[in-house]
Protein chains: 2
Amino acid sequence: MEALRTYFNQFVQLSDAEWDDFKACMSKETVPKKGLLLEEGEKCNFIAFIQEGAFRFYTVKKGEESITAFFFAGDFVTNYRSFLTNKPSNHYIEALQDAVILKINLQQLQQLYNKHKTIERLGRLIAENLYLVVANRLDAFMFETPTERYEQLVKRGSKLLSEIPQYMVASYLGIKPETLSRIRARK
Amino acid sequence: MEALRTYFNQFVQLSDAEWDDFKACMSKETVPKKGLLLEEGEKCNFIAFIQEGAFRFYTVKKGEESITAFFFAGDFVTNYRSFLTNKPSNHYIEALQDAVILKINLQQLQQLYNKHKTIERLGRLIAENLYLVVANRLDAFMFETPTERYEQLVKRGSKLLSEIPQYMVASYLGIKPETLSRIRARK
DNA sequence: GCAATTCGTTGACCAAAGTCAATAAAGGAG
DNA sequence: CTCCTTTATTGACTTTGGTCAACGAATTGC
């Protein structure tokens, strides 16, 4: 649990009472490799903190899988859109390896928001943060070519390149595996 | 000001005391047509509610203007990324017509967050909402062709089609004016 | 109201990514 | 270890949007 508290600390300092309340809401779960944490059509009523393992977040559009995000140990994993809107997910969340997560559900989180102003603030800061993440990804798709997006991964030394099969990286970059292969070939 | 309170009401009910505090922070400004509300390189330390007029939010990439968003009366206008990160903006905000806005700055907003739990919540709900907006736009760029993005505008009866010159709509859709012209011509 | 700019359309050509197919390389299951 | 499936690469060809240029239509400024 300490990893989670460390994660929160970058946003706000929770008092022991607040943290105790938060902890009390988290329930541990395991997901086996290739297991689905969320299926298309389900409402995502949880946010989960990844203690071990990794997930891919993908949707099926026009008959093929398209990966929107990867989540690793130390990240939150959820379909935030479904969670916020309470509408069915159009994405799947699948474990890439055996995983251990700490889950909190919507109702519990709302109670924490009501009870503790600092947790309400934490929620705001996390929402703001997620805004920045998706805004950056939008920029990458609007202003960069596939080659430039790939080069960003290389430049940032992204763990995707070492831990994720290339055809999934291609999907994440919004291109076909053949194209990524060619981008890598012309150096 | 009532339009603003109505806007807030879709998220939370502010008490009269909270609303009075909020109102006290808003300052009215006018921006002439083609005037810049924000320049590239400036830090965006405000959020503004548009009473009258419209704005375009654009950046210059690889030597040409690229429009990320339009804002109309009843919307908030800000560079939310710059506002949240306190880093210089890489976008301009330009008035498309003479405009009247209500501005609040970062320091004032933070004081309101500290003072009123309900306003803290309002901030969270607005951040969550902006997340959804940009996530939807990301989907449009990841999963739809330019033609499909244009057809969405038509289907939703977007006011962009009636109020914004076509070359700006093209930029917003991420394509060249020639391409939008051809999309409209075929069928 | 007229001239000058800006905007929208169209055509010919180009570049980049997709498609389809063949094959090589890598990984897993038994 | 070996076979079988999955993944990565390469080639030939197609598709889509971009580029450059010309021209007509619409705005705007004086």
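Chain naming here is simple, since letters A, B, ... match the order of the sequence lines and numbering starts at 1 in each. Quick caveat: nothing in here was measured; it's all calculated off a predicted structure.
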* Among residues two or more places apart or on two chains, list those pairs meeting ring pair (Phe, Tyr, Trp, His ring centres under 6.0 Å) that have a residue in residues 12-53 of chain A. =>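 Only A/Tyr7-A/Phe49, A/Phe8-A/Phe22, A/Phe49-A/Phe76 qualify under ring pair (Phe, Tyr, Trp, His ring centres under 6.0 Å).
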* Any pair counted as ring pair (Phe, Tyr, Trp, His ring centres under 6.0 Å), so long as it reaches residues 84-115 of chain A, sequence neighbours left out -> A/Phe57-A/His91, A/Tyr58-A/Tyr92
Could you pull out all residues at least two apart from [X] that satisfy side-chain hydrogen bond (donor to acceptor under 3.5 Å, both in side chains)?
{"X": "A/Ser15", "result": "A/Glu18"}
{"X": "A/Glu42", "result": "none"}
{"X": "A/Lys33", "result": "none"}
{"X": "A/Glu120", "result": "B/Arg121, B/Arg124"}

* Using the C1' atoms of the five pairs at each end, what is the angle between the end axes of the helix from C/dG1-D/dC30 to C/dG30-D/dC1, to 10°? ->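 That helix has its two terminal axes inclined by roughly 60°.
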* Output the distance between atom CD1 (A/Ile104) and atom CG (A/Asn45), rounded to the nearest 0.5 Å. => 11.0 Å
* Asked: Once you round to the nearest 0.5 Å, how far does CG of B/Leu38 lie from CZ of B/Phe83?
  ->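 So the CG of B/Leu38 and the CZ of B/Phe83 are separated by 12.0 Å.
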Review item, nucleotides 28-30 of chain D N/O atoms under 3.5 Å of protein N/O:
none

* Residue that, paired with A/Pro146, satisfies side chain to side chain contact (heavy atoms under 4.5 Å, CB included) out of A/Leu180, A/Leu173, A/Ile183 ->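 Of all the options given, the one that passes is A/Ile183.
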* Asked: Restricting to pairs with a member in residues 137-154 of chain B, which pass salt bridge (charged side-chain N to carboxylate O under 4.0 Å, His left out), not counting sequence neighbours?
  -> A/Lys62-B/Glu148, A/Arg81-B/Asp139
* Asked: In the 5'-to-3' direction, what one-character label does each nucleotide of nucleotides 9-26 of chain D receive under the scheme B = base within less than 4.0 Å of a protein heavy atom, S = sugar-phosphate only, - = no such atom?
  -> BBBB----SSBB------
* Asked: Does A/Val100 sit in a hydrophobic cluster with other residues, and if so which ones, taking ILVMFWY side chains as linked at heavy-atom separations under 4.5 Å, directly or through other members?
  ->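 Once heavy-atom contacts under 4.5 Å are chained together, A/Val100 still belongs with nothing else.
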* **Heavy-atom contact window of chain B on DNA chain C, given 5' to 3' at under 4.0 Å** =>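 In short, chain B contacts DNA chain C from C/dC7 to C/dA12.
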* Do B/Ser89 and B/Asn79 have side-chain atoms, one donor and one acceptor, less than 3.5 Å apart? ->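 Yes, side-chain donor-acceptor contact under 3.5 Å.
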